[in-house]
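One structure is given below, encoded as structure tokens.
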Amino acid sequence: MASSIPSGAPGSREKKYDRQLRLWGANGQNKLETAHIALFNASATGCEILKNLILPCIGQFTVIDDKLVEEADLGVNFFLDEDSLGKPRAERAAALLGELNPDVMGNYIIDNFSNLLSTKPELFEPLTTPFTHFVLVSPFPTPLLLLLPPEIPTFLVYSLGFTTSLRVSAPIHTIVETHPDSLTDLRLLNPWSELSSMATERTTNLEIQQKVDGDGGMSDHEHGHVPYLILLLKYLEDWKQSHGGNYPATYKEKGEFKVLIQDNMRTNVPGGSEENYEEAIAAVLKNVREAEVSSETKEVLNDTKCANLTLETDNFWIIARAVKDFLENPEQGNGLLPLSGGIPDMKAESNGYVDLQNVYKYKARYDASLVEKNVRTILSSLNRDPSSIPLDEIELFCRHSNFLRRILYRPLPAEFSTLPDEHHKKAVCAALSSWDADTSLIHDYIALRAYQSFVTETDGRAPGDTDETLEVDTAEMTRLAELYLKEVGWSTGLGERGKNMIREVVRTGGGELHNIASLAGGIVAQEVIKIITQQYVPVNNTIVFDGISSRTGTYEL
Amino acid sequence: MVGAGGIGCELLKNLVLTGFGEIHIVDLDTIDLSNLNRQFLFGMQHIKKSKAMVAKETAGKFNPHVKLEAHHANIKDLNFNVKWFKTFDVVFNALDNLDARRHVNRMCLAADVPLIESGTTGFNGQVQVIKQRTTECYECTHKPVPKSFPVCTIRSTPSQPIHCIVWAKSYLFVEIFGTSEESSPDMDTSEDDENASEIANLKREAEELKNIREKMASPDFAATIFNKVFCADITRLRSMEDMWKSRKPPKALDHATIVKDAEGVGACVVKTDQKVWGLEENYVVFADSLRRLATRMVELKARATNGEAPPILTFDKDDEDALDFVAASANLRSLVFGIDVKSKFDIKQMAGNIIPAIATTNAITAGLCVLQAFKVLREDYKSARMVFLSRSADRAFSAEKLSPPNPGCEICGVARTSIEADITRATLGDLVEKVLRGALGYGEEVCVLVGQALLFDADFDDNLETPLCDLGFGEETFVTVKDEGEEEEEGTRINLVIAVTNTIFTEDEAAMTIPEPFQVPRKLKASEVVEVNGLANGVKRGHDEVMGGMNGHVSKRRKVDIVVGSGEGAAMKKEKVFKGKGPTEEDVILLDDDGCITID
Ligand SMILES: [Zn+2]
């Protein structure tokens, strides 16, 4: 192609990240590009996690590690090469990882967590730290874990042979773009006046067979193209007339309602049935229901953050409050959330479909404009610039208003203190006594807890790292696991599977397998991205992966 | 490893560091900028180079003990025949399209080589283990086919943006820059009574476009095209009063008015690909991209030598000029029909069937592929799993036991064998007598087909003396054999597919190899089907057995060898992968039957 021809190419950055922009959009990408990830421990797993964050373009990363590259690293870590032997791991990993993406800035610190805590405490202070997220690949002694600042989202990772786990902890995490399968909210039982009148208008001659042009009847073509939403609205109205003003509510009534629709279908047409009627019947069970506020959205709207707004409150909570006001105001939502506005595809003529689409769209826009008004009022009352939250952001929030999420991550000390809290005890005991306890991955977790205690008392030495101590280490690991179980109030002790898991963890001698490190790198980075972009629902709070059975389990511990 | 894209890069890294002995990489593609957000074996300096070659080069550095071979080629090429597939212990599919997946599935069934099939879409992914007669094959279950729209919807009654996009991409673009003979999978042009006249209309309008095409070099080319497709054609459509009785009629666009209104809109609007353009902006992009494409076409024509087929352009989502043209044309048509217009970013996804892709999902999927490969190499299909990844917060993925083959599957519900034959010397008689009746025990009543063509049955023996090459056999030919014997007590045989690979033998050798005799399974009565494979039928989500014993010997040395690799950089070695090479004097690590790594 001649170079003189101007090309319409969008920036090469957009093109490079095109495939992921389709998952999290410019919103998510911007957040990703301002993140600065600190990785403690440039192990194979640590490097694989960073790889999966550097490729989609986080802003910066810093590798923190005080070891030198050994032969042992080369066979398992793709991001350390022959030339790296004997050099600082932090430096080499940062250099090789950095090559993956020139858009990302890489840094390293040749030091360890414990030293830095005393020599550079500012790195761990929320107000002074350059880091936005911490990724820690064990081992770290427990007292250090308890010193981590709760304000900074932290990902604590274990990767030992075939066993891996991730623990996420973060300050209150809110999500607007949860990406549910569908945002559609049809309001069939709560139609507003424009929708009702459209349904009436479009169905006046529905039952009259057209004989000749212009006789006021409906032709077969027209009849077969009345959008199914209109049909549902019309027959729901009919049903109400004959059922004392009530809509079909029970499963049985909905079945009868389907028959009612079926009976009104024209069958003397080509094919013997009408697609739009079939669509209407198929939609009954799923869509004929009261518009309800989801329990997740209720959690958000009832959070104290919604009630106690201050000058510093996040936009999320301000808009949430505006939506709550909308919901509770009889002049506005009157018990309903702002409408999302989308409708599914259906058999219809183009104009019939577009008109219907517009009725939903205008209502959604109107609802959002009321929420916007509430937002502006709230901002003024907080002495903030009323226009400081753009309409786009409010509309996005309104579209997702029934799918909001707020996650309260449990802080690490609640789990790792010598005396874990009641929630933790209950969660572990529940998993140990559940019907699938025999195969539950909670045993993997318990073995990793024993490992955590072991490295704490040995100052970082992994159990099973030498032949000589193998027996002793296994015994000590078993003792630590039993001790932990006692702490959580599980009196039955370590079962057969628990003992197997202890042996499995000791067998690895603290070593990683490349393939598992790579897999763990994918699982961990995925959760990091969800937290950074504030999109999709991240795990709360622990995910365990077992490479032998290719299984994962999640627990809130 | 078929495919060196997103999953392929991860997979190759894992295989190399896990210490597999010999890995062949097949990929037809070259590297594109949009690959770099996940295909980490490639960098900016590799753009437009072969994926297979670059992947080999980059990954090879990490373990010089692995033999890597790259094929920058289409897996459907004839040299990748059944015999070639048979040389592998396991095949990994890391492909992005249905057609190639199906092909490899069939080749692996024919070669009786286990296949690990994988794919991802955004956060979702899937890993499936396929082994002939043991598990479901790729085609045992129905796969959704890409959606196709009736021609009338595209031609006259669009109601959704996608209809206008298909029109712009598969009709307008093709008529102006491509060859209209090519049929598009997006459009269903099968004729019936109802749409015959519309198809005739479409053909007539296409003919008119072809005439305008001749004026590509003229300065008012854009105006001419615009006037035809957004004004004249629409006006004609509008005049068919019957059509618009119950529909809102389309509104033709007036070129002169739009040109005037669009004054001052710069062509740089095209850069704002996530913004929804208005009428004037769409017009500007339409005219500008059409000019760019026409210039290219004129240059191509000037360069073309006599006798060559006239140059054409084909739509490619990554060709910005083509994408701009399709986006703007689709939107202008949407405006004509009162349909929502879309941003160029969205249109690209719809027109290009773009599948979102990220590094994390690929890493997880590739890791799972290798874990399944360990089980496959131990022939432990009972603990191999079919794994589904989703973005659900409850679990990263779920694993299911493998399903047994679908007895009704047309692809794997047949017996298979393969032979080599010199097709210029071997006759159909050799095949029937020596292979079917001799080695496999077929009787008189047997029927032999290639595709739909009948070559032989009990009443048709004309071809027995004919060499295979004269019966349409090529480098590799799949022959279907049907047992038409009387219902015997053991039942008739299921269909047999023989892969015949053309091979040159010396004159003194037989012209055809004879397969190891085996019993072609008999058809089962429906009631027997369940027990066929030893894998419980219909049990989908069984208990995973408790993790196998964890009694591997533990030693410092072992840990160093497995986890870390020896000084020479050799990582874990696997006996089965190193087939024929024999273990070396060094410690050889085996994956033993309980899923643990132990050491000899
Ligand atoms: Zn099959």
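Reckoned from all heavy atoms, side chains included, excluding hydrogens, waters and symmetry mates. Proteins come first, then strands; the chains are lettered A, B, ... in the order of their sequence lines, and each starts at number 1. Please read all numbers here as calculations on a predicted model, not as lab measurements.
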Q: May I ask you to decide if the ring planes of A/Phe78 and B/Phe62 are parallel, tilted or perpendicular, using 30° and 60° as cut-offs?
A: parallel
**B/Leu17 vs A/Asn515 side-chain heavy atoms within contact, under 4.5 Å** = no
With A/Asp18 as partner, the option from B/Lys348, B/Lys344, B/Arg38 fulfilling salt bridge (Lys or Arg N to Asp or Glu O under 4.0 Å) is B/Lys348
The residue among A/Leu519, A/Asn52, A/Thr552 that forms side-chain contact (heavy atoms from CB on, under 4.5 Å) with B/Ile364 is A/Leu519
- Item | No-hydrogen, no-angle side-chain donor-acceptor test under 3.5 Å, A/Lys16 and B/Ser34 | no
* Candidate pair B/Arg385 and A/Arg551, rule side-chain contact (heavy atoms from CB on, under 4.5 Å), full reasoning -> CA-CA 10 Å; B/Arg385 290 288 177 273; A/Arg551 287 187 303 146; over 6 Å; no
When the 4.5 angstrom heavy-atom criterion is applied to A/Lys347 and chain B, the contacting part is neither
Exercise. Indicate yes or no for a side-chain donor-acceptor contact from A/Arg22 to the backbone of B/Phe345 under 3.5 Å, with no hydrogens or angles considered.
Key: yes
Correct closest heavy-atom pair for B/Ala363 and A/Gly522 would be CB-CA, 3.9 Å
The reported gap from CG in A/Leu21 to CD1 in B/Ile358 (rounded to nearest 0.5 angstrom) is 12.0 Å
To the nearest 0.5 Å, atom CD of A/Gln526 lies from atom CZ of B/Phe123 at 5.0 Å
For B/Gln274, I'd like to know if atom CD has over 12 heavy atoms of other residues, nucleotides or ligands within 6.0 Å. yes
To the nearest 0.5 Å, atom OG of A/Ser518 lies from atom CG of B/Asn14 at 4.0 Å
**Message:** Is the shortest side-chain heavy-atom distance between A/Arg19 and B/Ile355 below 4.5 Å?
**Reply:** no
Quiz item: Side chains of A/Pro56 and B/Asn37: does their closest heavy-atom pair fall under 4.5 Å?
Solution: no
key: Side-chain touch B/Lys271/A/Glu14, heavy atoms, less than 4.5 angstrom   = no
Exercise for review: Take B/Gln160 and A/Gln357, measure what side-chain contact (heavy atoms from CB on, under 4.5 Å) needs, and give me the verdict at the end.
Suggested key: CA-CA 11 Å; B/Gln160 293 168 25; A/Gln357 213 175 22; over 6 Å; no
Notebook entry, point to check: Does the gap between the ring centers of B/Phe397 and A/Phe545 come in under 6.0 Å?
Noted result: yes
Measuring only between side-chain heavy atoms, which start at C-beta, is B/Leu371 closer than 4.5 Å to A/Phe162? yes
Test side-chain contact (heavy atoms from CB on, under 4.5 Å) on A/Ile548 and B/Phe374; report intermediate values, then the result. CA-CA 10 Å; A/Ile548 293 177; B/Phe374 292 161; over 6 Å; no
CZ of A/Arg13 to CG of B/Leu33, rounded to nearest 0.5 Å, is 11.5 Å
Honestly, the part of A/Asn77 sitting under 4.5 Å from a heavy atom of chain B is backbone
Bottom line for A/Leu80: the part with an atom under 4.5 Å from chain B's heavy atoms is backbone
Beyond-backbone contact of B/Thr360 with A/Glu527, side-chain heavy atoms, under 4.5 angstrom: no
Cut-off 4.5 Å, heavy atoms of chain B, and the answer for A/Ile49 is neither
| A/Glu82 and B/Lys61, any side-chain heavy atoms less than 4.5 Å apart | no
One should read off an interatomic distance between A/Lys15 NZ and B/Asp273 CG, to the nearest 0.5 angstrom, of 11.5 Å
Bottom line for A/Glu99: the part with an atom under 4.5 Å from chain B's heavy atoms is neither
Interface check, chain A: of B/Thr361, B/Asn35, B/Thr153, B/Ile354, most non-hydrogen pairs under 4.5 Å belong to B/Ile354
Compare all side-chain heavy atoms of B/Pro356 with those of A/Gln20 and state whether any distance is below 4.5 angstrom. no
Interatomic distance, CD@B/Glu400 vs OG@A/Ser550, rounded to 0.5 Å, equals 13.0 Å
